[in-house]
J.: 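Pasting in a structure now, in structure tokens, and then I'll have a few things to ask.
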Amino acid sequence: MRVVLGSDHAGFDLKEACRVHLLGQGKIEVKDAGVFNRDSADYPPIAHEVSRAVSEGEARFGILICGTGLGMSMVANRHRGVRAALCHELFTTRMSRLHNDANVLVMGGRVIGVGLALEMVDLFLATPFEGGRHTKRIAQFE
Ligand code: RB5
């Protein structure tokens with residue numbers, strides 16, 4: 001499975017933690033769309049790049065991190081076929097996959113700690129879409 005990661009400066013440390021965590025599992029191909037340091041950076045270009053990769057099928061899932069997660073999620077959800085879920089705890093993370101078939105997990109690097117974020121990443125990637133009645137609802141997004 002290929003996962004594409006992206007952050008601005010405010011999400012850089014958490015993105016790095018996610019990257020190391022996923023690579024350490026040895027079964028996920030990780031693409032890093034940047035940023036690559038803590039210098040101040042605009043989040044929209046990174047959100048567009050990660051979203052494009054998911055929308056065009058280059059990656060199965062995306063993970064986006066800025067300070068709050070708000071800007072990244074607003075930009076990502078403008079892309080056709082992208083269902084970006086801004087989550088800060090485990091319940092909505094799980095539900096975003098089960099009911100919404102979310103394909104981009106968005107987090108706020110200034111909102112949650114690394115331990116919770118890594119649990120959320122694992123849960124997001126491991127939880128299947130429930131399908132059924134939710135399929136026709138997702139079809140109405142576009
Ligand atoms: C950067 O200061 C901050 O505005 C950005 O990371 C994000 O939180 C925007 O939504």
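For ligands, and for the atoms within them, numbers begin at 1 and follow the listed sequence. These numbers come from the heavy atoms of this one structure, side chains and all, not from hydrogens, waters or symmetry mates.
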J.: Is it true that, when you exclude R94 itself, more than 12 heavy atoms of the residues, nucleotides or ligands shown sit nearer than 6.0 Å to its CZ?
T.: no
J.: Atom 3 (C) of ligand 1: which protein heavy atom is closest, and how many Å away?
T.: R110 NH1, 4.1 Å
J.: Which residue is it: C18, C66, C87? I am looking for the one with a side-chain contact (heavy atoms from CB on, under 4.5 Å) to M107.
T.: C18
J.: Looking only at distances, please establish whether an N/O atom of ligand 1 is found under 3.5 Å from an N/O atom of Y43.
T.: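 So ligand 1 has no N or O lying under 3.5 Å from an N or O of Y43.
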J.: Flag the pair T127 / M95 as yes when at least one side-chain heavy-atom distance between them is below 4.5 Å, and no otherwise.
T.: no
J.: Indicate, as side chain, backbone, both or neither, the part of D8 found under 4.0 angstrom from ligand 1 when only non-hydrogen atoms are considered.
T.: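 Only the side chain of D8 comes within reach of ligand 1.
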J.: Which heavy-atom pair separates L23 from I28 by the least distance, and what is that distance?
T.: CD2-O, 4.5 Å
J.: With heavy-atom distances below 4.0 Å as the criterion, list the atoms of ligand 1 near A10.
T.: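 Answer, ordered by atom number: 6 (O).
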J.: Does L70 reach ligand 1 with a nitrogen or oxygen that is under 3.5 Å from one of the ligand's nitrogen or oxygen atoms?
T.: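 No; the residue has no nitrogen or oxygen that sits under 3.5 Å from a nitrogen or oxygen of the ligand.
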J.: So, 4.0 Å and heavy atoms of M74: is ligand 1 close enough to count as a contact?
T.: no
J.: Identify, for atom 8 (O) of ligand 1, the protein heavy atom at the shortest distance, and state residue, atom and that distance.
T.: T68 N, 2.9 Å
J.: Who's the nearest protein heavy-atom neighbour of atom 7 (C) of ligand 1, and how far?
T.: C66 SG, 3.4 Å
J.: Of all residues at least two apart in sequence or in a different chain, which pass the ring-ring contact (aromatic ring centres under 6.0 Å, His included) check with F124?
T.: F61
J.: Taking all non-hydrogen atoms of both residues into account, name the closest pair between L14 and A117 and its distance.
T.: CD1-CB, 3.6 Å
J.: Between ligand 1 and G67, is the shortest N or O to N or O distance under 3.5 Å?
T.: yes
J.: Taking the side chain as everything from C-beta on, heavy atoms only, tell me whether L86 gets closer than 4.5 Å to M72.
T.: no
J.: Of all the non-hydrogen atoms in the protein, which one sits nearest to atom 10 (O) of ligand 1, and at what distance?
T.: G71 N, 2.9 Å
